[in-house]
**Student:** 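Pasting a structure below so you can have a look.
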Amino acid sequence: LHTVTRQGRRIYLTPREFDLLRYLMTHAGKALAHATLLAAIWGPEYGRELEYLRTFIYQLRKKLEHDPSHPAYLVTEAWYGYRFRAPD
């Protein structure tokens, strides 16, 4: 079972969502390229399937962000990738 907590509330994640979040958090503050994330989470044969990444980031934002349309933690780096911004 893959769970995280936010303000004391359990949030259930799929295994792939959990892996993606863990990878982003492990590299907190660092902008990670789309291709890097795809290869790390889906495997080395992936790198151009941006829709996979967009879908999973969208799902994570819905589950984790206070306002998914203005993310505080899962930040988009335009034309590059994503970055996890640690809470202050």
Side-chain angles (χ1 to χ4, degrees):
L1 207 49
H2 296 88
T3 61
V4 295
T5 57
R6 181 175 172 259
Q7 297 176 335
R9 193 179 94 227
R10 259 191 216 177
I11 299 168
Y12 296 93
L13 303 178
T14 67
R16 191 78 41 125
E17 288 171 342
F18 185 85
D19 290 345
L20 178 56
L21 180 61
R22 180 176 47 196
Y23 193 85
L24 286 163
M25 291 178 78
T26 300
H27 299 88
K30 181 179 180 187
L32 299 168
H34 296 119
T36 300
L37 289 166
L38 285 162
I41 305 306
W42 279 268
E45 63 276 9
Y46 292 85
R48 297 179 181 251
E49 293 80 358
L50 297 184
E51 207 49 48
Y52 290 8
L53 202 47
R54 287 186 189 116
T55 299
F56 277 81
I57 291 290
Y58 174 77
Q59 292 301 326
L60 281 171
R61 284 177 174 161
K62 279 181 25 180
K63 292 179 178 185
L64 301 174
E65 296 282 0
H66 177 68
D67 180 359
S69 62
H70 296 94
Y73 306 112
L74 300 169
V75 180
T76 300
E77 296 293 337
W79 307 107
Y80 185 73
Y82 297 95
R83 176 173 47 92
F84 181 80
R85 181 172 39 211
D88 296 331

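Everything numeric in this text was worked out from a predicted model, so none of it was measured.
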**Student:** Is there a chain of hydrophobic side chains (I, L, V, M, F, W, Y, each step under 4.5 Å between heavy atoms) that links Leu37 to Val75?
**Tutor:**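 Different hydrophobic clusters.
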
**Student:** For the side chain of Arg61 and the backbone of Leu74, is there at least one donor-acceptor N/O pair under 3.5 Å apart?
**Tutor:**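 Pair found, side chain donor or acceptor close to backbone of Leu74.
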
**Student:** Please report the interatomic distance CG(Leu60) to OG1(Thr55), rounded to the nearest 0.5 Å.
**Tutor:**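 If I round to the nearest 0.5 Å, the distance is 11.0 Å.
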
**Student:** Give, for atom CG of Leu13 and atom CG of Leu64, the distance between the pair rounded to the nearest 0.5 Å.
**Tutor:**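 Spacing of CG (Leu13) from CG (Leu64) equals 6.0 Å.
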
**Student:** Which residues pass the ring-ring contact (aromatic ring centres under 6.0 Å, His included) test with Phe56, sequence neighbours left out?
**Tutor:**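 With neighbours one apart ignored, the set is Trp42.
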
**Student:** With a 4.5 Å heavy-atom cut-off, do Arg6 and Lys63 have their side chains touching?
**Tutor:**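 When only atoms from C-beta onward are counted, Lys63 and Arg6 do not touch, as no gap falls below 4.5 Å.
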
**Student:** From Ile57 CD1 over to Arg54 CZ, what is the distance, rounded to the nearest 0.5 angstrom?
**Tutor:**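 Those atoms lie 11.0 Å apart.
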
**Student:** Applying the ring-ring contact (aromatic ring centres under 6.0 Å, His included) criterion to His34, which one of Tyr82, Tyr52, Tyr46 satisfies it?
**Tutor:**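 Single pass found, and it is Tyr82.
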
**Student:** Give a yes or no on whether Phe84 atom CZ has more than 12 heavy-atom contacts from other residues, nucleotides or ligands under 6.0 Å away.
**Tutor:**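 Yes, enclosed.
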
**Student:** Is Glu65 reaching over with its side chain to a backbone N or O of Ala72, donor-acceptor style, under 3.5 angstrom?
**Tutor:**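 A pair under 3.5 Å: yes.
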
**Student:** When hydrophobic residues are tied together by side-chain contacts of less than 4.5 Å, even through go-betweens, does Leu53 share a cluster with Tyr80?
**Tutor:**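 In one cluster: no.
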
**Student:** To the closest 0.5 Å, what do you measure between OG1 (Thr3) and CD1 (Ile11)?
**Tutor:**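 Between atom OG1 of Thr3 and atom CD1 of Ile11 there are 9.5 Å.
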
**Student:** Enumerate donor-acceptor pairs with a distance under 3.5 Å from any side-chain N or O in residues 22-33 to protein atoms, sequence neighbours excluded.
**Tutor:**
{"residue": "Arg22", "atom": "NH2", "partner": "Asp19", "partner atom": "OD1", "Å": "2.9"}
{"residue": "Thr26", "atom": "OG1", "partner": "Arg22", "partner atom": "O", "Å": "2.7"}
{"residue": "His27", "atom": "ND1", "partner": "Tyr23", "partner atom": "O", "Å": "2.8"}

**Student:** Check Asp67 against Ser69 and note the closest heavy-atom contact, atom names and distance.
**Tutor:**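 Looks like OD1-OG, 2.7 Å.
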
